[in-house]
Amino acid sequence: MNLHEYQGKKILAEHGVNIQRGLVLSDVKNVLDVAKNLVDETGTKWFVVKAQIHAGGRGKGGGVKLAKSLEELKIVVTDIIGMSLITPQTSKEGKVVNKVLITEDVYYPGESEPEEFYVSILLNRKTGKNMLMYSTEGGMDIETVAEKTPELIFYEDIDPLLGILPFQARKIAFNLGLSGKAFKEMTKFITLLYKSYVSSDSSLFEINPVLKTSDDIIMAVDAKVSLDDNALFRHKNYESWRDLKEENPVEIEAREVGLNYVDLDGNVGCMVNGAGLAMATMDLIKQSGGEPANFLDVGGTADAKRVEAAFRLILKDPNVKAILVNIFGGIVRCDRVAQGIVDAYNNMGDSINIPIIVRLQGTNAEIAKEIIDKCEFEVHSAIEFQEAADKIQEVLA
Ligand code: GDP
Ligand code: MN
């Protein structure tokens, strides 16, 4: 589950990490009250308005703007709320902004120049440890830094049992070129950031930029956080943070019926059991000249009810020109799956108006093929992978 910047910052603040402070608004109506509260709390002179959508690169798309007066603030908030924000990380249509975070301006002038860094923590699956990634090149796309100047990105593996050790936090602050108060502040920042990441069971905490203010305070200006869905049961309080408006409606529905579904852009819907087979099936579709419209793993039970739910989900996508069912029958026997498909088809009447290719392999595959071949619907059977591929090519042609 992905969080908004303001939610990620809330976790950080709860663990004592300095953040660029702010208040959330979904309507321009209360903007003056919010601004007044923020001035009282922080003493800020200017304001930053930040679109709250689940995508980065907001600054580039016009979703982060500085306002130097209350009049300007009102105009900027009015402009940003309701806009379709297009960033390098959204689709071409962009994402509608429903909320903005109004923050204090933390790039104020002072004894030294403000400096931006990059820090993120994620799981390194190769080492089985948490990994802290950091760079002096903050504020920019880290992908670009990784491509053009990979030597400017540092990595620190953190043992999950020991946690981050003081020498590691010091090494990081040193590599970031800090000294004096800023150095100490950074070691504290890194340690508390790691604590936030671990205790929220997150899979990603990306802070870009981490800011050294002109008076040497280290703080999180941005926060991109992904919580580990498998640990959400331990954090009931975060469940209410789920922003359904940010999630794909078909994916929400799939979660409700317990199907593992990811929406994609292609024209062939697929229904598969097992994530590995789903991947292979998507490759097969591509090789047959199609593009997968989704990833859908029906899991261990492919009965009529689940098959029907899966068909309904796939058919919501108007781009789908054919459906490929690719199921390996081990404990779920192929004949039962085939009957499930026929029953689902029966129940759904005319709502299925595209060809379905069914490849069933495994226990009772022959009987299953017979069931499919005998039914009066536009369902094509296949036992071999290649057969299924040829049929897709045929129906797409
Ligand atoms: P992103 O574009 O989605 O990554 O959003 P960020 O929260 O990282 O903000 C984008 C950029 O806005 C930052 O890199 C800063 O350059 C700028 N910015 C953010 N906060 C402030 C602020 O308080 N004052 C000023 N002047 N600029 C800010
Ligand atoms: Mn950012």
Side-chain angles (χ1 to χ4, degrees), residues 2-13 17-25 34-35 38-39 41-69 72-73 76-77 79-81 83-91 94-110 112-122 133-146 153 189 193 204-226 243 246:
N2 293 326
L3 297 186
H4 283 298
E5 173 193 356
Y6 76 93
Q7 296 165 330
K9 280 179 167 172
K10 195 158 176 226
I11 298 180
L12 291 171
V17 181
N18 291 326
I19 56 162
Q20 175 197 39
R21 291 165 292 180
L23 294 157
V24 185
L25 257 187
V34 164
L38 198 62
V39 171
E41 192 192 329
T42 66
T44 191
K45 285 206 189 77
W46 296 343
F47 307 94
V48 185
V49 182
K50 311 180 84 177
Q52 298 299 289
I53 56 166
H54 285 184
R58 295 163 303 166
K60 280 194 194 118
V64 178
K65 286 204 168 131
L66 188 66
K68 298 186 178 176
S69 68
E72 219 179 311
L73 177 64
V76 172
V77 170
D79 282 352
I80 294 185
I81 291 183
M83 84 186 281
S84 284
L85 180 53
I86 302 168
T87 86
Q89 295 182 19
T90 64
S91 66
K95 276 192 158 172
V96 176
V97 181
N98 296 303
K99 283 184 192 134
V100 291
L101 177 65
I102 300 179
T103 72
E104 60 179 328
D105 167 36
V106 288
Y107 287 59
Y108 46 81
S112 62
E113 283 294 310
E115 261 180 82
E116 293 179 320
F117 305 104
Y118 173 94
V119 180
S120 67
I121 310 179
L122 61 162
M133 243 174 96
Y134 61 104
S135 176
T136 48
E137 308 307 290
M140 314 207 276
D141 268 354
I142 198 65
E143 289 80 9
T144 312
V145 182
I153 301 181
F189 178 90
L193 176 64
L204 172 73
F205 242 99
E206 183 182 57
I207 314 295
N208 188 22
V210 171
L211 185 73
K212 182 193 79 63
T213 62
S214 60
D215 47 356
D216 287 349
I217 294 168
I218 304 291
M219 66 164 68
V221 167
D222 194 3
K224 182 175 177 190
V225 177
S226 299
D243 187 345
E246 288 288 333

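Just follow the structure's listing: the first ligand is 1, and inside any ligand the first atom is 1. Numbers here are sequence positions counted from 1. Worth saying up front: this structure is predicted, and the values here are computed from it rather than measured.
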*Asks:* Got a second to check how far I153's CD1 is from Y118's OH, nearest 0.5 Å?
*Replies:*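 Interatomic distance, I153 CD1 to Y118 OH, rounded to 0.5 Å: 7.5 Å.
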
*Asks:* For E115, which residues count as a side-chain contact (heavy atoms from CB on, under 4.5 Å) partner, sequence neighbours excluded?
*Replies:*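 E115: side-chain contact (heavy atoms from CB on, under 4.5 Å) contacts with F117, K212.
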
*Asks:* Can you tell me which residue among L3, T103, D222 is in a side chain to side chain contact (heavy atoms under 4.5 Å, CB included) with K9?
*Replies:*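 Filter result, single survivor: T103.
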
*Asks:* Can you tell me if H4 and D243 form a side-chain donor-acceptor pair at under 3.5 Å?
*Replies:*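 There is such a pair (donor and acceptor under 3.5 Å, judged by atom type) between the side chains of H4 and D243.
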
*Asks:* Which residues and atoms, counting only protein N, O or S, are under 2.8 Å from the Mn ion (ligand 2)?
*Replies:*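 Those protein N, O or S atoms (cut-off: under 2.8 Å from the Mn ion (ligand 2)) are N208 O, D222 OD2.
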
*Asks:* Here's a test for you: under side chain to side chain contact (heavy atoms under 4.5 Å, CB included), which of T213, I19, L211 qualifies with V221?
*Replies:*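 Only one of T213, I19, L211 forms a side chain to side chain contact (heavy atoms under 4.5 Å, CB included) with V221, namely L211.
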
*Asks:* Please determine which of R21, K50, K45 meets the salt bridge (charged side-chain N to carboxylate O under 4.0 Å, His left out) test together with E104.
*Replies:*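 Exactly one candidate clears the test, R21.
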
*Asks:* First locate atom CD of E72, then atom CG of L66, and finally report the distance between them rounded to the nearest 0.5 Å.
*Replies:*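 If I round to the nearest 0.5 Å, the distance is 7.0 Å.
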
*Asks:* Check each N or O atom of ligand 1 against all protein N or O atoms and list the pairs under 3.5 Å, with atom names and distances to 0.1 Å, one per line.
*Replies:*
| unit_1 | atom_1 | unit_2 | atom_2 | d |
| --- | --- | --- | --- | --- |
| ligand 1 | 2 (O) | R58 | N | 3.2 |
| ligand 1 | 2 (O) | G59 | N | 2.7 |
| ligand 1 | 3 (O) | G57 | N | 3.3 |
| ligand 1 | 3 (O) | R58 | N | 2.8 |
| ligand 1 | 3 (O) | R58 | NE | 2.7 |
| ligand 1 | 3 (O) | R58 | NH2 | 3.4 |
| ligand 1 | 4 (O) | D222 | OD2 | 3.1 |
| ligand 1 | 5 (O) | R58 | NH2 | 3.1 |
| ligand 1 | 7 (O) | K50 | NZ | 2.7 |
| ligand 1 | 7 (O) | R58 | NH2 | 3.1 |
| ligand 1 | 7 (O) | D222 | OD2 | 3.4 |
| ligand 1 | 8 (O) | N208 | O | 3.1 |
| ligand 1 | 8 (O) | D222 | OD2 | 3.1 |
| ligand 1 | 14 (O) | E116 | OE2 | 3.3 |
| ligand 1 | 16 (O) | E116 | OE2 | 3.4 |
| ligand 1 | 20 (N) | Q20 | NE2 | 3.1 |
| ligand 1 | 23 (O) | Q20 | NE2 | 2.9 |
| ligand 1 | 23 (O) | D105 | OD1 | 3.3 |
| ligand 1 | 23 (O) | V106 | N | 2.9 |
| ligand 1 | 24 (N) | D105 | OD1 | 2.6 |

*Asks:* If the condition is side-chain contact (heavy atoms from CB on, under 4.5 Å), which residues does Q89 pass it with, not counting sequence neighbours?
*Replies:*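 Q89: side-chain contact (heavy atoms from CB on, under 4.5 Å) contacts with A55, T87, K224.
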
*Asks:* Can you tell me how far the CG atom of L73 sits from the CD1 atom of I102, to the nearest 0.5 Å?
*Replies:*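 Between L73 CG and I102 CD1, I get 5.0 Å after rounding to 0.5 Å.
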
